[in-house]
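Within every chain, numbering begins at 1; the chains are lettered A, B, ... in the order of the sequence lines, protein sequences first and strands thereafter. Computation of the quantities below employed the complete heavy-atom set of this structure, encompassing side-chain atoms and omitting hydrogens, waters and symmetry-equivalent molecules.
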Number of protein chains: 2
Amino acid sequence: MTDRAMQEPTLLLLTALADVPRHGYAIAREVESISGGRVKLRTGTLYGALERLLQQGLIEVHKEEIVDSRLRRTYTLTAPGRAALAVEAERIAATAREATRRLGITGKAATA
Amino acid sequence: MTDRAMQEPTLLLLTALADVPRHGYAIAREVESISGGRVKLRTGTLYGALERLLQQGLIEVHKEEIVDSRLRRTYTLTAPGRAALAVEAERIAATAREATRRLGITGKAATA
DNA sequence: CACCATATGTCACTCACCGGCATATGCTGA
DNA sequence: TCAGCATATGCCGGTGAGTGACATATGGTG
């Protein structure tokens with residue numbers, strides 16, 4: 001298991017589930033909304049990631065219902081999922097802070 | 001597309017160059033330091049990324065000198081590189097903020 | 001003298017993400 | 001009327017950043 005850092009689509013997917021349970025398509029719309037239209041989850045990415053995250057135990061099926069004679073599955077974060085998202089959020093926030101700080105202290109002209 | 005979001009190793013690499021120019025190995029050490037020992041840049045990732053970033057114009061060769069009869073190349077951020085890093089830092093900071101915010105408001109009365 | 005830090009580089013492989021396709025329903029408008 | 005779009009789930013081949021192992025070379029330390 002390569003402990004590789006979470007990528008943006010996955011991070012946004014988990015974020016979309018952080019407040020309320022949602023089904024696949026709703027997650028995709030929410031991700032687009034969160035990212036200001038920047039990131040549009042492809043269905044390949046979406047359902048692939050859901051499958052992967054289920055296996056990793058970061059999300060779980062919240063409810064299964066039949067809507068218009070089709071199955072709709074809603075997903076929700078598990079406790080480990082919430083924890084993982086919190087860790088990941090703090091990690092990237094720290095990286096962002098460090099990058100911003102260094103860009104500021106450029107060594108060159110610096111602060112205005 | 002090439003529009004794909006930057007991954008952590010690349011982001012840290014650029015961050016390591018944000019204050020002063022460094023050569024490859026120094027970048028690797030700096031990245032390890034910045035990330036608190038969490039991320040160790042493999043040489044495959046390092047030199048592969050340097051090559052890619054050079055081609056993308058985000059970094060450039062700052063100086064080439066012979067040290068111990070071996071070539072040492074130091075790299076520095078270009079203006080587009082600084083801009084890209086700033087954009088990326090703000091992007092992930094925003095994502096982190098949103099994730100943290102949502103984790104806080106845990107599924108109470110939000111949009112269904 | 002073995003071993004490690006320093007230092008740069010190649011290459012086969014993996015896997016998350018991409019892009020396109022398939023499928024099915026309900027609504028809206030030319 | 002039916003073309004087209006939003007809704008909704010899912011598969012599959014391909015791409016490319018990152019991985020891990022290997023290659024090579026020097027200078028210092030036990």
Undergrad: Does dT8(C) have OP1 or OP2 sitting under 4.0 Å from an N or O in the side chain of Tyr25(B)?
TA: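 Answer is no, no contact under 4.0 Å.
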Undergrad: Checking contacts here: which listed nucleotide (dT8(C), dC17(C), dT6(C)) is nearest the side-chain heavy atoms of Gln7(A)?
TA: dC17(C)
Undergrad: Please tell me if Arg73(A) has a side-chain N or O lying less than 4.0 Å from either OP1 or OP2 of dT9(D).
TA: no
Undergrad: Map Pro9(A) and Thr43(A) onto DNA chain C by nearest heavy atom, then report which one ends up closer to the 5' terminus.
TA: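 Residue closer to the 5' terminus by nearest nucleotide: Pro9(A).
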Undergrad: Looking at Arg29(A) and Glu32(A), does any basic side-chain N land under 4.0 Å from a carboxylate oxygen?
TA: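 Judged by the 4.0 Å cut-off on N to carboxylate O distance, Arg29(A) and Glu32(A) do not form a salt bridge.
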Undergrad: What is the separation between atom CG on Leu41(B) and atom P on dG20(D), rounded to the nearest whole Å?
TA: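 The answer, rounded to whole Å, is 12 Å.
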Undergrad: Tell me: CD of Gln55(A) to C1' of dC15(C), nearest whole Å?
TA: 13 Å
Undergrad: Classify Leu46(A) by what it touches in the nucleic acid, base, sugar-phosphate, or nothing, heavy-atom distance under 4.0 Å.
TA: nothing
Undergrad: Should Thr10(A) be listed as having a side-chain N or O under 4.0 Å from OP1 or OP2 of dC17(C)?
TA: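 Checking Thr10(A) against dC17(C): at least one side-chain N or O falls below 4.0 Å of OP1 or OP2.
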Undergrad: Salt bridge or not for Arg22(A) and Glu30(A), using N-O below 4.0 Å?
TA: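 Salt bridge: yes.
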Undergrad: Without decimals, in angstroms, what is the distance between Leu12(A) CG and dA16(C) C1'?
TA: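 Taking atom C1' of dA16(C) as the reference, CG of Leu12(A) is at 14 Å.
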Undergrad: Under a 4.5 Å cut-off applied to non-hydrogen side-chain atoms, are Arg73(B) and His23(B) in contact?
TA: no
Undergrad: Could you check how far CD of Glu65(A) sits from C1' of dT7(D), rounded to whole Å?
TA: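 After rounding, the gap between these two atoms is 14 Å.
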Undergrad: Report the distance from atom NZ of Lys40(B) to atom P of dG20(D), rounded to the nearest whole Å.
TA: 12 Å
Undergrad: Measuring to OP1 and OP2 of dG18(D), would you say a side-chain N or O of Arg4(A) lies under 4.0 angstrom away?
TA: no
Undergrad: Mind checking Gly44(B) for me? I need base, sugar-phosphate or nothing, with any heavy atom below 4.0 Å counting as a touch.
TA: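 Base contact.
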Undergrad: Would you kindly give the CD-to-C1' distance between Glu8(A) and dA16(C), to the nearest whole Å?
TA: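 The answer, rounded to whole Å, is 13 Å.
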Undergrad: Reckon Arg72(A) has a side-chain N or O less than 4.0 Å from the OP1 or OP2 of dA8(D)?
TA: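 So the side chain of Arg72(A) is within the cut-off, an N or O lying under 4.0 Å from OP1 or OP2 of dA8(D).
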Undergrad: If you compare every side-chain N and O of Arg42(B) against the phosphate oxygens of dA17(D) (OP1, OP2), does one of them come in below 4.0 Å?
TA: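 False: Arg42(B) side-chain N/O out of range (4.0 Å or more) of dA17(D) OP1/OP2.
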Undergrad: Going by an N to O cut-off under 4.0 Å, is there a salt bridge joining Arg38(B) and Glu8(B)?
TA: yes
Undergrad: Once you round it to whole Å, what is the distance between C1' of dC11(D) and CZ of Arg52(A)?
TA: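 Roughly 16 Å, once rounded to whole Å.
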Undergrad: Rounding to an integer number of Å, can you tell me how far Tyr47(A) OH sits from dC21(C) P?
TA: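 Going from Tyr47(A) (OH) to dC21(C) (P), I get 19 Å.
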Undergrad: How close do Leu11(A) and Ile92(A) get, heavy atom to heavy atom, and via which atoms?
TA: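 Closest approach of Leu11(A) to Ile92(A): CD2-CD1, 3.3 Å.
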Undergrad: Any side-chain N or O of Thr45(B) below 4.0 angstrom from OP1/OP2 of dA17(D)?
TA: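 Looking at the OP1 and OP2 atoms of dA17(D), neither is under 4.0 Å from any side-chain N or O of Thr45(B).
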